[in-house]
Amino acid sequence: MATNNAKFSIGDIVKHRHFNFRGVIYDVDFEFSNSEEWYLSIPKDVRPRKDQPFYHLLAESNDVTYEAYVSEQNLLKDNSKEPVKHPLIGEIFSGKKGSSYFKQSN
């Protein structure tokens with residue numbers, strides 16, 4: 001069984017390669033772990049491989065916030081240093097430094 005290494009980490013701010021949204025990673029699945037229905041709803045010509053990390057994001061686009069599930073191949077590091085304006089940021093992370101959010105260690 002092959003093991004996958006994630007390119008991004010929890011707290012990293014990323015942007016989508018093809019669509020106009022960005023977000024902060026709050027969880028990682030090292031391979032696809034969503035429903036088959038969700039997967040098949042993606043148009044076949046842009047459907048990502050399942051054998052790669054998928055990231056849970058607190059996402060924003062224009063004035064809308066939501067949660068997104070995105071394959072590693074469709075993410076890029078966001079180096080803008082702009083904060084992500086999602087209402088759940090403060091519930092998961094305790095601060096921000098550069099292009100990443102962090103949790104306080106206990």
Side-chain angles (χ1 to χ4, degrees):
M1 181 173 149
T3 59
N4 290 321
N5 293 316
K7 178 178 177 181
F8 303 106
S9 300
I10 291 173
D12 284 351
I13 300 172
V14 292
K15 58 186 176 181
H16 198 281
R17 182 180 300 274
H18 303 291
F19 301 112
N20 187 28
F21 72 87
R22 59 195 290 271
V24 59
I25 296 168
Y26 70 90
D27 198 9
V28 180
D29 294 335
F30 289 94
E31 62 182 36
F32 180 79
S33 186
N34 206 332
S35 71
E36 192 65 14
E37 179 182 19
W38 181 91
Y39 185 74
L40 293 175
S41 73
I42 301 169
K44 191 172 186 177
D45 60 328
V46 294
R47 195 176 295 153
R49 299 180 332 273
K50 288 183 176 182
D51 64 342
Q52 64 180 311
F54 278 72
Y55 299 86
H56 298 264
L57 307 178
L58 297 176
E60 65 177 7
S61 176
N62 300 321
D63 292 328
V64 179
T65 60
Y66 51 96
E67 293 183 42
Y69 190 66
V70 184
S71 65
E72 185 169 273
Q73 76 188 56
N74 286 323
L75 290 177
L76 300 168
K77 184 85 168 160
D78 181 335
N79 293 316
S80 71
K81 297 186 181 170
E82 291 294 318
V84 174
K85 298 171 189 85
H86 193 287
L88 296 178
I89 293 282
E91 292 185 32
I92 298 174
F93 300 100
S94 56
K96 179 183 174 300
K97 184 173 184 179
S99 295
S100 295
Y101 283 86
F102 60 88
K103 297 179 181 183
Q104 281 299 352
S105 54
N106 294 332

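Both backbone and side-chain heavy atoms feed into the values below; hydrogens, waters and symmetry mates do not.
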Pairing residues for [X] by the side-chain hydrogen bond (donor to acceptor under 3.5 Å, both in side chains) criterion, not counting sequence neighbours:
X: Ser71; result: Asn74
X: Gln73; result: Arg49, Gln52
X: Glu91; result: none
X: Tyr69; result: Asp29

Going by the rule salt bridge (charged side-chain N to carboxylate O under 4.0 Å, His left out), which residues pair with Lys7 if we only count those two or more places apart in sequence or in a different chain?
none
For Leu76, what are the other residues in its hydrophobic cluster, where any two members join if their side-chain heavy atoms are less than 4.5 angstrom apart?
none
Please list all pairs meeting salt bridge (Lys or Arg N to Asp or Glu O under 4.0 Å) that have one or both residues in residues 62-73, counting only residues at least two apart or in different chains.
none
Write out all pairs satisfying salt bridge (Lys or Arg N to Asp or Glu O under 4.0 Å) with one or both partners inside residues 16-25, taking only residues at least two apart or from two chains.
Arg22-Glu60, Arg22-Asp78
Group every Ile, Leu, Val, Met, Phe, Trp and Tyr by side-chain heavy-atom contacts under 4.5 Å, then state whether [X] and [Y] land in the same group.
X: Phe54; Y: Leu75; value: no
X: Ile42; Y: Tyr55; value: no
X: Trp38; Y: Phe21; value: no
X: Val70; Y: Ile92; value: yes

Could you pull out all residues at least two apart from Tyr26 that satisfy ring pair (Phe, Tyr, Trp, His ring centres under 6.0 Å)?
His56
Quick one: list whatever passes ring pair (Phe, Tyr, Trp, His ring centres under 6.0 Å) with Phe93, sequence neighbours left out.
Tyr101
If I take atom CG from residue Leu57 and atom CD1 from residue Ile25, how far apart are they, to the nearest 0.5 angstrom?
6.0 Å
With a 3.5 Å cut-off and sequence neighbours excluded, list the donor-acceptor pairs that the side chains of residues 81-90 form with protein atoms.
from  : atom 1 : to    : atom 2 : distance (Å)
His86 : ND1    : Leu88 : N      : 3.1
His86 : NE2    : Tyr66 : O      : 3.3

Check whether Ser61 reaches the backbone of Asn20 with its side chain - one donor and one acceptor, N or O, closer than 3.5 Å.
yes
Looking at every non-hydrogen atom in both residues, tell me the closest pair between Tyr39 and Pro48 and how far apart they are.
OH-O, 2.6 Å
State which residues pass side-chain contact (heavy atoms from CB on, under 4.5 Å) with Pro43; sequence neighbours excluded, sorted by chain then number.
Asp45, Val46
Leu58 vs Thr65 side-chain heavy atoms within contact, under 4.5 Å
no
